[in-house]
2 protein chains.
Amino acid sequence: MSESSLGGCMEISEKNQSFVYHFGEMGSKWGFNRTVGQMYALLVISENALSANDLASALSISRGNVSMGIKELQSWQLVQVKHIPGDRKEYYSAIGSVWDMANTVFEERRKREVDPTLSVLRNLLLEAPQDESEVYAQQRMQDIHDLLEMVTSWAAELQRLSPEQLGTLMKLGAGVSKILSVKQQLFSKSKDQD
Amino acid sequence: MSESSLGGCMEISEKNQSFVYHFGEMGSKWGFNRTVGQMYALLVISENALSANDLASALSISRGNVSMGIKELQSWQLVQVKHIPGDRKEYYSAIGSVWDMANTVFEERRKREVDPTLSVLRNLLLEAPQDESEVYAQQRMQDIHDLLEMVTSWAAELQRLSPEQLGTLMKLGAGVSKILSVKQQLFSKSKDQD
DNA sequence: ACGAACTTTCAGACATTTCTGAAAGTTTAG
DNA sequence: CTAAACTTTCAGAAATGTCTGAAAGTTCGT
(Lines give C-alpha, C1' and ligand atoms only; values in the text may rest on other atoms or scores of the structure.)
Protein backbone atom coordinates (compact mmCIF):
# COMPACT_ATOMS: atom_id res chain seq x y z
CA MET A 1 0.00 0.00 0.00
CA SER A 2 1.46 3.37 -0.98
CA GLU A 3 1.95 5.76 1.91
CA SER A 4 0.16 8.51 0.00
CA SER A 5 -3.12 6.69 0.07
CA LEU A 6 -3.72 7.32 3.76
CA GLY A 7 -5.88 10.38 4.29
CA GLY A 8 -4.74 13.85 5.21
CA CYS A 9 -1.33 14.25 3.59
CA MET A 10 -0.43 13.93 -0.16
CA GLU A 11 1.03 17.37 -0.67
CA ILE A 12 1.62 19.09 -3.99
CA SER A 13 4.58 21.35 -4.64
CA GLU A 14 3.85 25.06 -4.75
CA LYS A 15 4.45 25.19 -8.48
CA ASN A 16 2.12 22.36 -9.27
CA GLN A 17 -0.33 23.92 -6.89
CA SER A 18 -0.64 27.04 -9.03
CA PHE A 19 -1.02 25.00 -12.19
CA VAL A 20 -3.80 23.00 -10.60
CA TYR A 21 -5.55 26.08 -9.25
CA HIS A 22 -5.36 27.90 -12.54
CA PHE A 23 -6.88 24.97 -14.36
CA GLY A 24 -9.56 24.84 -11.75
CA GLU A 25 -10.58 28.37 -12.69
CA MET A 26 -10.26 27.72 -16.40
CA GLY A 27 -12.02 24.40 -16.25
CA SER A 28 -15.05 26.15 -14.85
CA LYS A 29 -15.24 28.12 -18.10
CA TRP A 30 -14.97 24.93 -20.09
CA GLY A 31 -17.98 23.03 -19.03
CA PHE A 32 -16.94 21.39 -15.80
CA ASN A 33 -16.66 22.88 -12.35
CA ARG A 34 -13.68 24.08 -10.42
CA THR A 35 -12.88 20.94 -8.47
CA VAL A 36 -13.29 18.74 -11.53
CA GLY A 37 -10.82 21.00 -13.32
CA GLN A 38 -8.38 20.70 -10.43
CA MET A 39 -8.71 16.95 -10.32
CA TYR A 40 -8.00 16.69 -14.00
CA ALA A 41 -5.04 19.04 -13.86
CA LEU A 42 -3.55 17.04 -11.02
CA LEU A 43 -4.00 13.78 -12.90
CA VAL A 44 -2.37 15.26 -15.99
CA ILE A 45 0.81 16.30 -14.23
CA SER A 46 1.07 13.19 -12.09
CA GLU A 47 3.25 10.48 -13.51
CA ASN A 48 1.61 7.77 -11.41
CA ALA A 49 -2.07 7.07 -11.20
CA LEU A 50 -3.75 8.47 -8.07
CA SER A 51 -6.41 6.99 -5.84
CA ALA A 52 -9.60 8.79 -4.94
CA ASN A 53 -8.15 9.41 -1.48
CA ASP A 54 -4.99 10.90 -2.96
CA LEU A 55 -7.10 13.36 -4.92
CA ALA A 56 -9.27 14.22 -1.93
CA SER A 57 -6.34 14.92 0.36
CA ALA A 58 -4.21 16.70 -2.24
CA LEU A 59 -7.02 19.09 -3.09
CA SER A 60 -8.61 19.19 0.38
CA ILE A 61 -12.02 18.18 -0.84
CA SER A 62 -14.40 15.52 0.34
CA ARG A 63 -14.25 11.94 -0.73
CA GLY A 64 -17.77 12.17 -2.11
CA ASN A 65 -16.88 15.14 -4.24
CA VAL A 66 -14.01 13.19 -5.77
CA SER A 67 -16.35 10.38 -6.65
CA MET A 68 -18.71 12.71 -8.50
CA GLY A 69 -15.82 14.44 -10.20
CA ILE A 70 -14.34 11.18 -11.46
CA LYS A 71 -17.72 10.24 -12.83
CA GLU A 72 -17.88 13.53 -14.69
CA LEU A 73 -14.37 13.12 -16.09
CA GLN A 74 -15.23 9.64 -17.22
CA SER A 75 -18.27 10.95 -19.05
CA TRP A 76 -15.83 13.22 -20.87
CA GLN A 77 -13.63 10.19 -21.54
CA LEU A 78 -10.71 11.99 -19.98
CA VAL A 79 -9.60 9.55 -17.29
CA GLN A 80 -8.99 5.86 -17.10
CA VAL A 81 -9.11 3.50 -14.17
CA LYS A 82 -6.14 1.36 -13.28
CA HIS A 83 -5.97 -1.50 -10.86
CA ILE A 84 -2.82 -2.34 -9.01
CA PRO A 85 -2.49 -6.07 -8.26
CA GLY A 86 -2.96 -6.77 -4.58
CA ASP A 87 -4.55 -3.39 -3.94
CA ARG A 88 -8.28 -3.07 -3.83
CA LYS A 89 -8.36 0.67 -4.53
CA GLU A 90 -9.00 2.14 -7.94
CA TYR A 91 -6.31 4.37 -9.37
CA TYR A 92 -7.04 7.05 -11.91
CA SER A 93 -4.90 8.65 -14.56
CA ALA A 94 -5.37 11.07 -17.44
CA ILE A 95 -5.90 9.48 -20.81
CA GLY A 96 -3.49 9.83 -23.72
CA SER A 97 -1.32 12.66 -24.98
CA VAL A 98 -2.13 16.32 -24.95
CA TRP A 99 -3.36 15.98 -28.53
CA ASP A 100 -5.70 13.24 -27.49
CA MET A 101 -7.01 15.38 -24.66
CA ALA A 102 -7.63 18.33 -26.93
CA ASN A 103 -9.37 16.07 -29.41
CA THR A 104 -11.55 14.57 -26.74
CA VAL A 105 -12.54 17.91 -25.29
CA PHE A 106 -13.45 19.30 -28.70
CA GLU A 107 -15.35 16.17 -29.62
CA GLU A 108 -17.33 16.21 -26.38
CA ARG A 109 -18.10 19.88 -26.61
CA ARG A 110 -19.31 19.38 -30.15
CA LYS A 111 -21.61 16.60 -29.05
CA ARG A 112 -22.97 18.59 -26.15
CA GLU A 113 -23.23 22.03 -27.67
CA VAL A 114 -23.05 22.10 -31.43
CA ASP A 115 -25.04 18.99 -32.31
CA PRO A 116 -28.15 19.94 -30.31
CA THR A 117 -28.00 23.41 -31.80
CA LEU A 118 -27.81 22.04 -35.33
CA SER A 119 -30.76 19.82 -34.60
CA VAL A 120 -32.85 22.73 -33.31
CA LEU A 121 -31.88 24.82 -36.31
CA ARG A 122 -32.73 22.08 -38.78
CA ASN A 123 -36.18 21.69 -37.29
CA LEU A 124 -36.85 25.40 -37.39
CA LEU A 125 -35.65 25.64 -40.98
CA LEU A 126 -37.99 22.88 -42.11
CA GLU A 127 -41.07 24.99 -41.46
CA ALA A 128 -42.08 27.73 -43.85
CA PRO A 129 -41.83 31.27 -42.51
CA GLN A 130 -45.21 32.72 -41.46
CA ASP A 131 -44.52 36.37 -42.07
CA GLU A 132 -42.01 38.98 -43.14
CA SER A 133 -40.05 38.95 -39.90
CA GLU A 134 -39.73 35.18 -39.96
CA VAL A 135 -38.21 35.32 -43.41
CA TYR A 136 -35.36 37.42 -42.12
CA ALA A 137 -35.04 35.30 -38.98
CA GLN A 138 -34.81 32.13 -41.04
CA GLN A 139 -32.08 33.61 -43.17
CA ARG A 140 -29.99 34.30 -40.07
CA MET A 141 -30.69 30.80 -38.77
CA GLN A 142 -29.64 29.37 -42.12
CA ASP A 143 -26.38 31.31 -41.93
CA ILE A 144 -25.66 29.97 -38.48
CA HIS A 145 -26.61 26.47 -39.53
CA ASP A 146 -24.29 26.58 -42.53
CA LEU A 147 -21.43 27.93 -40.49
CA LEU A 148 -21.81 25.28 -37.80
CA GLU A 149 -22.04 22.49 -40.36
CA MET A 150 -18.97 23.70 -42.12
CA VAL A 151 -16.97 23.98 -38.94
CA THR A 152 -18.18 20.60 -37.76
CA SER A 153 -17.23 18.76 -40.89
CA TRP A 154 -13.93 20.58 -41.05
CA ALA A 155 -13.19 19.59 -37.46
CA ALA A 156 -14.05 15.98 -38.23
CA GLU A 157 -11.61 16.21 -41.12
CA LEU A 158 -8.84 17.51 -38.91
CA GLN A 159 -9.40 14.74 -36.43
CA ARG A 160 -8.78 12.23 -39.18
CA LEU A 161 -5.32 13.63 -39.85
CA SER A 162 -2.35 12.14 -38.02
CA PRO A 163 -0.74 14.33 -35.36
CA GLU A 164 2.22 14.81 -37.71
CA GLN A 165 0.03 16.01 -40.56
CA LEU A 166 -1.78 18.27 -38.15
CA GLY A 167 1.52 19.67 -36.99
CA THR A 168 2.55 20.30 -40.58
CA LEU A 169 -0.72 22.04 -41.30
CA MET A 170 -0.48 24.24 -38.24
CA LYS A 171 3.16 25.13 -38.73
CA LEU A 172 2.21 26.10 -42.23
CA GLY A 173 0.76 29.29 -40.79
CA ALA A 174 1.03 32.12 -43.24
CA GLY A 175 1.70 29.55 -45.91
CA VAL A 176 -1.92 28.50 -46.00
CA SER A 177 -2.97 31.13 -48.46
CA LYS A 178 -0.08 30.23 -50.77
CA ILE A 179 -1.06 26.59 -50.68
CA LEU A 180 -4.62 27.58 -51.37
CA SER A 181 -3.65 29.41 -54.49
CA VAL A 182 -1.52 26.49 -55.62
CA LYS A 183 -4.55 24.30 -55.10
CA GLN A 184 -6.71 26.61 -57.14
CA GLN A 185 -4.25 26.35 -60.01
CA LEU A 186 -3.87 22.60 -59.80
CA PHE A 187 -7.54 21.79 -59.48
CA SER A 188 -9.26 24.80 -60.96
CA LYS A 189 -11.18 22.65 -63.41
CA SER A 190 -13.17 21.14 -60.53
CA LYS A 191 -14.05 24.46 -58.95
CA ASP A 192 -17.84 24.17 -58.95
CA GLN A 193 -18.00 20.64 -57.68
CA ASP A 194 -17.88 20.31 -53.87
CA MET B 1 -42.16 56.29 -32.02
CA SER B 2 -42.58 52.61 -32.88
CA GLU B 3 -45.53 50.92 -31.23
CA SER B 4 -43.33 48.09 -30.02
CA SER B 5 -41.35 50.34 -27.72
CA LEU B 6 -44.11 50.73 -25.18
CA GLY B 7 -43.70 48.24 -22.33
CA GLY B 8 -45.52 44.97 -21.91
CA CYS B 9 -46.15 43.69 -25.42
CA MET B 10 -43.51 43.04 -28.17
CA GLU B 11 -44.22 39.41 -28.80
CA ILE B 12 -42.00 36.93 -30.58
CA SER B 13 -43.37 34.20 -32.81
CA GLU B 14 -43.30 30.71 -31.39
CA LYS B 15 -40.59 29.66 -33.80
CA ASN B 16 -38.31 32.53 -32.96
CA GLN B 17 -39.09 31.91 -29.33
CA SER B 18 -37.52 28.46 -29.45
CA PHE B 19 -34.46 29.76 -31.26
CA VAL B 20 -34.01 32.44 -28.63
CA TYR B 21 -34.49 30.02 -25.75
CA HIS B 22 -32.12 27.48 -27.17
CA PHE B 23 -29.45 30.11 -27.60
CA GLY B 24 -30.06 31.21 -24.06
CA GLU B 25 -29.12 27.75 -22.86
CA MET B 26 -26.19 27.48 -25.22
CA GLY B 27 -24.96 30.96 -24.49
CA SER B 28 -24.63 30.02 -20.88
CA LYS B 29 -22.04 27.42 -21.89
CA TRP B 30 -20.20 29.99 -23.92
CA GLY B 31 -19.19 32.54 -21.37
CA PHE B 32 -22.26 34.68 -20.96
CA ASN B 33 -25.41 33.96 -19.03
CA ARG B 34 -28.80 32.82 -20.18
CA THR B 35 -30.51 36.16 -20.56
CA VAL B 36 -27.53 37.66 -22.35
CA GLY B 37 -27.65 34.74 -24.75
CA GLN B 38 -31.34 35.32 -25.34
CA MET B 39 -30.86 39.02 -25.89
CA TYR B 40 -28.18 38.36 -28.45
CA ALA B 41 -30.19 35.70 -30.25
CA LEU B 42 -33.13 38.05 -30.49
CA LEU B 43 -30.98 40.83 -31.87
CA VAL B 44 -29.47 38.49 -34.44
CA ILE B 45 -32.80 37.43 -35.89
CA SER B 46 -34.37 40.87 -35.76
CA GLU B 47 -34.09 42.86 -38.93
CA ASN B 48 -34.65 46.17 -37.16
CA ALA B 49 -32.70 47.42 -34.20
CA LEU B 50 -34.51 46.98 -30.86
CA SER B 51 -34.76 49.30 -27.90
CA ALA B 52 -33.95 48.20 -24.38
CA ASN B 53 -37.67 48.17 -23.63
CA ASP B 54 -38.34 45.95 -26.63
CA LEU B 55 -35.82 43.45 -25.30
CA ALA B 56 -37.20 43.60 -21.78
CA SER B 57 -40.78 43.01 -22.85
CA ALA B 58 -39.98 40.41 -25.50
CA LEU B 59 -37.98 38.34 -23.03
CA SER B 60 -39.98 39.21 -19.91
CA ILE B 61 -36.98 40.39 -17.99
CA SER B 62 -36.37 43.56 -16.07
CA ARG B 63 -35.18 46.76 -17.62
CA GLY B 64 -32.12 46.75 -15.37
CA ASN B 65 -31.16 43.29 -16.49
CA VAL B 66 -31.27 44.43 -20.11
CA SER B 67 -28.97 47.30 -19.32
CA MET B 68 -26.39 44.96 -17.80
CA GLY B 69 -26.74 42.51 -20.65
CA ILE B 70 -26.18 45.14 -23.28
CA LYS B 71 -23.06 46.24 -21.44
CA GLU B 72 -21.79 42.68 -21.50
CA LEU B 73 -22.54 42.25 -25.19
CA GLN B 74 -20.76 45.49 -25.90
CA SER B 75 -17.69 44.27 -24.06
CA TRP B 76 -17.77 41.30 -26.43
CA GLN B 77 -18.10 43.74 -29.32
CA LEU B 78 -21.22 41.94 -30.48
CA VAL B 79 -23.78 44.75 -30.59
CA GLN B 80 -23.86 48.27 -31.85
CA VAL B 81 -25.99 51.21 -30.82
CA LYS B 82 -28.11 53.06 -33.32
CA HIS B 83 -29.90 56.34 -32.92
CA ILE B 84 -33.08 57.09 -34.75
CA PRO B 85 -33.49 60.82 -35.55
CA GLY B 86 -36.22 62.38 -33.48
CA ASP B 87 -36.25 59.48 -31.01
CA ARG B 88 -34.38 59.73 -27.80
CA LYS B 89 -34.10 55.98 -27.16
CA GLU B 90 -31.07 53.90 -28.01
CA TYR B 91 -31.60 51.03 -30.42
CA TYR B 92 -29.37 47.97 -30.49
CA SER B 93 -28.53 45.55 -33.25
CA ALA B 94 -26.14 42.64 -33.74
CA ILE B 95 -22.87 43.48 -35.45
CA GLY B 96 -21.77 42.05 -38.78
CA SER B 97 -22.21 38.72 -40.53
CA VAL B 98 -22.26 35.32 -38.93
CA TRP B 99 -18.59 34.94 -39.80
CA ASP B 100 -17.80 38.16 -37.99
CA MET B 101 -19.73 36.98 -34.96
CA ALA B 102 -17.91 33.67 -34.87
CA ASN B 103 -14.59 35.46 -35.22
CA THR B 104 -15.43 37.86 -32.46
CA VAL B 105 -16.52 35.15 -30.08
CA PHE B 106 -13.39 33.10 -30.71
CA GLU B 107 -11.17 36.12 -30.36
CA GLU B 108 -12.77 37.15 -27.07
CA ARG B 109 -12.64 33.67 -25.66
CA ARG B 110 -8.97 33.45 -26.58
CA LYS B 111 -8.24 36.68 -24.76
CA ARG B 112 -10.16 35.63 -21.70
CA GLU B 113 -9.23 31.98 -21.44
CA VAL B 114 -6.22 30.98 -23.48
CA ASP B 115 -3.97 34.01 -23.03
CA PRO B 116 -4.03 33.96 -19.21
CA THR B 117 -3.34 30.24 -19.29
CA LEU B 118 -0.37 30.69 -21.59
CA SER B 119 0.96 33.35 -19.29
CA VAL B 120 0.69 31.12 -16.23
CA LEU B 121 2.33 28.26 -18.09
CA ARG B 122 5.20 30.41 -19.29
CA ASN B 123 5.93 31.56 -15.77
CA LEU B 124 5.88 28.04 -14.40
CA LEU B 125 8.13 26.81 -17.19
CA LEU B 126 10.74 29.48 -16.47
CA GLU B 127 11.61 27.98 -13.11
CA ALA B 128 13.76 24.89 -12.87
CA PRO B 129 12.07 21.76 -11.57
CA GLN B 130 12.85 20.98 -7.92
CA ASP B 131 12.47 17.23 -7.99
CA GLU B 132 11.63 14.17 -10.01
CA SER B 133 7.87 14.74 -9.97
CA GLU B 134 8.27 18.33 -11.13
CA VAL B 135 10.28 17.19 -14.12
CA TYR B 136 7.35 15.12 -15.33
CA ALA B 137 4.87 17.88 -14.46
CA GLN B 138 6.88 20.42 -16.44
CA GLN B 139 6.92 18.17 -19.47
CA ARG B 140 3.13 17.99 -19.44
CA MET B 141 2.92 21.75 -18.97
CA GLN B 142 5.28 22.22 -21.87
CA ASP B 143 3.07 20.00 -24.04
CA ILE B 144 0.00 22.02 -23.16
CA HIS B 145 1.86 25.27 -23.72
CA ASP B 146 3.04 24.17 -27.15
CA LEU B 147 -0.38 22.99 -28.14
CA LEU B 148 -2.05 26.22 -27.07
CA GLU B 149 0.54 28.33 -28.85
CA MET B 150 0.15 26.36 -32.02
CA VAL B 151 -3.61 26.57 -31.97
CA THR B 152 -3.49 30.26 -31.15
CA SER B 153 -1.18 31.18 -33.98
CA TRP B 154 -3.09 28.96 -36.38
CA ALA B 155 -6.32 30.66 -35.38
CA ALA B 156 -4.73 34.06 -35.92
CA GLU B 157 -3.71 32.86 -39.35
CA LEU B 158 -7.21 31.77 -40.22
CA GLN B 159 -8.58 35.12 -39.14
CA ARG B 160 -6.32 36.79 -41.63
CA LEU B 161 -7.85 34.85 -44.52
CA SER B 162 -10.79 36.32 -46.39
CA PRO B 163 -14.17 34.65 -45.87
CA GLU B 164 -13.90 33.25 -49.41
CA GLN B 165 -10.49 31.71 -48.76
CA LEU B 166 -11.82 30.30 -45.52
CA GLY B 167 -14.75 28.83 -47.37
CA THR B 168 -12.41 27.23 -49.89
CA LEU B 169 -10.26 25.79 -47.15
CA MET B 170 -13.24 24.36 -45.29
CA LYS B 171 -14.92 22.93 -48.35
CA LEU B 172 -11.62 21.31 -49.13
CA GLY B 173 -12.44 18.82 -46.42
CA ALA B 174 -10.98 15.44 -47.17
CA GLY B 175 -8.76 17.12 -49.71
CA VAL B 176 -6.55 18.62 -47.02
CA SER B 177 -4.27 15.65 -46.72
CA LYS B 178 -3.83 15.50 -50.50
CA ILE B 179 -2.92 19.16 -50.61
CA LEU B 180 -0.54 18.57 -47.75
CA SER B 181 1.29 15.88 -49.63
CA VAL B 182 1.45 18.04 -52.74
CA LYS B 183 2.89 20.78 -50.58
CA GLN B 184 5.49 18.41 -49.19
CA GLN B 185 6.63 17.55 -52.70
CA LEU B 186 6.66 21.13 -53.92
CA PHE B 187 8.42 22.63 -50.93
CA SER B 188 10.29 19.69 -49.43
CA LYS B 189 13.59 21.56 -49.64
CA SER B 190 12.38 24.06 -47.00
CA LYS B 191 11.05 21.46 -44.59
CA ASP B 192 12.95 22.48 -41.46
CA GLN B 193 12.35 26.19 -41.74
CA ASP B 194 9.09 27.40 -40.18
C1' DA C 1 -22.16 -15.89 4.58
C1' DC C 2 -19.54 -12.30 6.92
C1' DG C 3 -16.80 -8.35 7.45
C1' DA C 4 -13.21 -5.36 5.72
C1' DA C 5 -12.12 -2.15 2.33
C1' DC C 6 -13.44 0.32 -0.70
C1' DT C 7 -17.05 3.34 -3.85
C1' DT C 8 -21.37 5.80 -4.73
C1' DT C 9 -25.34 8.45 -3.57
C1' DC C 10 -27.87 12.18 -1.93
C1' DA C 11 -30.13 15.54 1.53
C1' DG C 12 -29.20 19.52 3.07
C1' DA C 13 -25.51 23.30 4.18
C1' DC C 14 -23.08 26.59 1.88
C1' DA C 15 -21.45 29.61 -2.04
C1' DT C 16 -22.00 31.91 -6.22
C1' DT C 17 -24.57 33.87 -9.83
C1' DT C 18 -28.39 36.17 -11.65
C1' DC C 19 -32.39 39.14 -11.47
C1' DT C 20 -35.44 42.73 -9.94
C1' DG C 21 -37.02 47.24 -9.01
C1' DA C 22 -36.37 51.47 -6.88
C1' DA C 23 -33.29 55.23 -6.74
C1' DA C 24 -29.80 57.93 -8.85
C1' DG C 25 -27.72 59.56 -13.10
C1' DT C 26 -27.78 61.54 -17.87
C1' DT C 27 -29.32 63.96 -21.80
C1' DT C 28 -32.11 66.98 -24.41
C1' DA C 29 -35.87 70.28 -25.51
C1' DG C 30 -37.84 74.24 -24.40
C1' DC D 1 -32.94 75.88 -15.17
C1' DT D 2 -36.57 72.34 -15.24
C1' DA D 3 -39.09 68.54 -16.66
C1' DA D 4 -39.52 64.63 -19.40
C1' DA D 5 -37.59 60.66 -21.24
C1' DC D 6 -34.60 57.89 -21.10
C1' DT D 7 -30.26 54.82 -19.02
C1' DT D 8 -27.40 52.94 -15.31
C1' DT D 9 -26.45 51.24 -10.80
C1' DC D 10 -26.79 48.39 -6.99
C1' DA D 11 -28.74 46.21 -2.56
C1' DG D 12 -30.86 42.47 -1.53
C1' DA D 13 -34.18 38.52 -3.12
C1' DA D 14 -34.37 34.44 -5.82
C1' DA D 15 -32.34 30.85 -8.33
C1' DT D 16 -28.73 27.86 -9.31
C1' DG D 17 -24.65 25.35 -8.53
C1' DT D 18 -21.29 23.04 -5.49
C1' DC D 19 -19.61 20.45 -1.46
C1' DT D 20 -19.78 17.68 2.60
C1' DG D 21 -20.40 13.69 5.31
C1' DA D 22 -23.21 10.07 6.75
C1' DA D 23 -25.53 6.16 5.05
C1' DA D 24 -26.14 2.73 1.59
C1' DG D 25 -24.03 -0.10 -1.94
C1' DT D 26 -20.41 -3.11 -3.92
C1' DT D 27 -16.65 -6.32 -4.13
C1' DC D 28 -13.50 -9.52 -2.50
C1' DG D 29 -11.05 -12.77 0.56
C1' DT D 30 -11.76 -16.21 3.81
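Each chain gets a letter, A, B and so on, in the order its sequence line appears, and its residues count up from 1.
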* Asked: Can you check the B:Lys29 NZ to D:dT16 P distance for me, whole Å?
  -> 15 Å
* Asked: If you look only at pairs with a residue in residues 135-146 of chain B, which of them pass as a salt bridge (Lys or Arg N to Asp or Glu O under 4.0 Å), with sequence neighbours excluded?
  -> B:Arg140-B:Asp143
* Provide, to the nearest angstrom, the distance between the CG atom belonging to B:Asp87 and the C1' atom belonging to D:dT7. => 14 Å
Filtered N/O pairs between nucleotides 11-20 of chain C and protein, under 3.5 Å:
unit_1: C:dC19; atom_1: OP1; unit_2: B:Thr35; atom_2: OG1; d: 3.3
unit_1: C:dC19; atom_1: OP2; unit_2: B:Thr35; atom_2: OG1; d: 2.6
unit_1: C:dC19; atom_1: O5'; unit_2: B:Asn65; atom_2: ND2; d: 3.4
unit_1: C:dT20; atom_1: OP2; unit_2: B:Ser62; atom_2: N; d: 2.8
unit_1: C:dT20; atom_1: OP2; unit_2: B:Ser62; atom_2: OG; d: 3.3
unit_1: C:dT20; atom_1: OP2; unit_2: B:Asn65; atom_2: ND2; d: 3.1

* Asked: Hey, does the side chain of A:Lys71 come within less than 4.0 Å of C:dT9's phosphate (OP1/OP2), counting only N and O?
  -> yes
* To do: Scan residues 105-133 of chain A for pairs that pass ring-ring contact (aromatic ring centres under 6.0 Å, His included), counting only residues two or more places apart or in two chains.
  => none
* Structure fact -> In numerical order, the residues of residues 38-45 of chain A whose heavy atoms come under 4.0 Å of DNA chain D are none
* Nearest-angstrom distance from the residue atom CG of B:Leu55 to P of D:dT8 -> 12 Å
* Mind checking what makes ring pair (Phe, Tyr, Trp, His ring centres under 6.0 Å) contact with A:Phe23, not counting sequence neighbours? -> A:Phe19
* Structure fact -> For A:Glu113, the salt bridge (Lys or Arg N to Asp or Glu O under 4.0 Å) test, sequence neighbours excluded, returns A:Arg109
* For residues 45-75 of chain A, which residue pairs qualify under ring-ring contact (aromatic ring centres under 6.0 Å, His included), counting only residues two or more places apart or in two chains? -> none
* To do: Would you kindly give the NZ-to-C1' distance between A:Lys89 and D:dT26, to the nearest whole Å?
  => 16 Å
* Residue pair A:Met39 / A:Val66: nearest heavy atoms and the distance that separates them -> CE-O, 3.6 Å
* **Whole-Å distance separating the CG atom of A:Asn53 from the P atom of C:dC6** => 8 Å
* Asked: Under a 4.0 Å heavy-atom cut-off, which of residues 74-84 of chain B touch DNA chain C?
  -> none
* A:Phe32: ring pair (Phe, Tyr, Trp, His ring centres under 6.0 Å) partners, not counting sequence neighbours -> A:Trp76
* Measure from OH on A:Tyr91 to C1' on C:dT7 and round the result to the nearest Å. => 14 Å
* Using the rule that two of Ile, Leu, Val, Met, Phe, Trp, Tyr join whenever any of their side-chain heavy atoms come within less than 4.5 Å, decide whether B:Val114 and A:Val105 are in one cluster. => yes
* Any residue meeting side chain to side chain contact (heavy atoms under 4.5 Å, CB included) with B:Val120, in chain and number order, not counting sequence neighbours -> A:His22, B:Leu124
* To do: Quick one: closest heavy-atom pair of B:Asn16 and A:Ala137, and the distance?
  => OD1-CB, 3.6 Å
* Are A:Ile61 and A:Val20 connected, step by step, through hydrophobic side chains (Ile, Leu, Val, Met, Phe, Trp, Tyr) whose heavy atoms are closer than 4.5 Å? -> yes
* Check the distance between C:dT9's C1' and A:Ile70's CD1 and give it to me in whole angstrom. => 16 Å
* To do: Check the distance between D:dT7's C1' and B:Asp54's CG and give it to me in whole angstrom.
  => 15 Å
* Asked: Just checking, any donor-acceptor pair under 3.5 angstrom between side chains of A:Tyr136 and A:Glu132?
  -> no
* Asked: Shared ILVMFWY cluster between B:Ile144 and B:Met150, side chains joined below 4.5 angstrom?
  -> yes
Protein-nucleotides 23-28 of chain C N/O pairs under 3.5 Å:
unit_1: C:dT28; atom_1: O2; unit_2: B:Arg88; atom_2: NH2; d: 3.3

* Asked: Can you pull the side-chain hydrogen bond (donor to acceptor under 3.5 Å, both in side chains) pairs that have at least one residue in residues 60-69 of chain B, sequence neighbours excluded?
  -> B:Asn53-B:Arg63
